[in-house]
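To start, the structure itself, in structure tokens.
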Amino acid sequence: VSQLELQALTGEFEASRLRWEMAIEAAEVGSFDVDLPTGRLDWDARMQTLFGYPAGSVQSDVDEGFSRIHPHDRPALDQAGKVSRSSWLRKCIACASDAPHMSCEGIRCEHTGEDGGVAVRLLGAAHDVTEMHTAREQAARLVETMTTGFAAIDGQWRLTYVNRTAERIIGTTAAEVIGRELWELFPGL
């Protein structure tokens, strides 16, 4: 009976592992593992590819591997290794070999240590969002430079954005109206 139960659990585990691998592959998520006391870094092949390097080219030294993080974003990653709780680094810009910058979002840093003590291991995963950031930037430029006045409001009727043309039409700057209620600014509406 124990053997049959073990076989059933093994089959369930294998199916779950395969689904997980397929999801990770489809999402193009890479991962890394840092042994903090020794400074050993292990990037999986996908993570190396995300950062623009051939698989196997990243050394197993944390300083060399993380030197590819943009200097502006490196302090946040360094700080994540010093705290003893789980943390999210929302954005990390990496210097890739074939591009000046790559946006990498959702780096999850999990720390393993005894009883919430000093972190001894940093596990992370990330995916490339460069195209998404590029599309957002293009859309923002389009809205900002269009000749039609554009304003955005939130659910409480507060202005959250006005473009340059809208500033010109209403005769004030965005800084003066952002956060204010539409009805307060334009009672005639």
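Judged as a side chain to side chain contact (heavy atoms under 4.5 Å, CB included), and not counting sequence neighbours, the contacts of F150 are V143, M146, A152, Y161, N163.
Of all the heavy atoms in A166 and V162, the pair that sits closest is CB-CB, 4.0 Å.
Distance alone, capped at 3.5 Å, places no donor-acceptor pair between the Q156 side chain and the E181 backbone. Judged by distance alone, with hydrogens and angles left aside, the side-chain atoms of D35 form no donor-acceptor pair with the main-chain N or O of G39 at under 3.5 Å. R158 places no side-chain N or O within donor-acceptor distance of the main-chain N or O of R180, the cut-off being under 3.5 Å. For the pair S16 (side chain) and E12 (backbone), a donor-acceptor distance under 3.5 Å is absent.
Between the side chains of D154 and T160, no donor-acceptor pair is found at a separation under 3.5 Å.
In this structure, OG1 in T10 is found 4.0 Å from CG in L6, a value given to the nearest 0.5 Å. Here the CD-CG distance, from E184 to L159, works out to 10.0 Å after rounding to the nearest 0.5 Å.
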Q: For side chain to side chain contact (heavy atoms under 4.5 Å, CB included), just list the numbers for W183 and L189, CA-CA rounded to whole Å, side-chain angles, deciding distance to a tenth of an Å, and then say yes or no.
A: CA-CA 7 Å; W183 313 120; L189 291 177; 3.6 Å; yes
Q) Is there a side chain to side chain contact (heavy atoms under 4.5 Å, CB included) between D44 and Q48 once you walk through the steps? A) CA-CA 7 Å; D44 69 4; Q48 292 177 43; over 6 Å; no
**Q.** F186 and I170: CA distance, side-chain angles, deciding distance, side chain to side chain contact (heavy atoms under 4.5 Å, CB included) verdict
**A.** CA-CA 10 Å; F186 307 103; I170 62 177; 3.5 Å; yes
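Residue pairs satisfying the salt bridge (Lys or Arg N to Asp or Glu O under 4.0 Å) criterion with at least one member in residues 163-174, sequence neighbours excluded, are listed as follows: E144-R164.
L18 and L9 fall into different hydrophobic clusters, where Ile, Leu, Val, Met, Phe, Trp and Tyr residues are linked whenever their side-chain heavy atoms come under 4.5 Å apart, directly or through other members.
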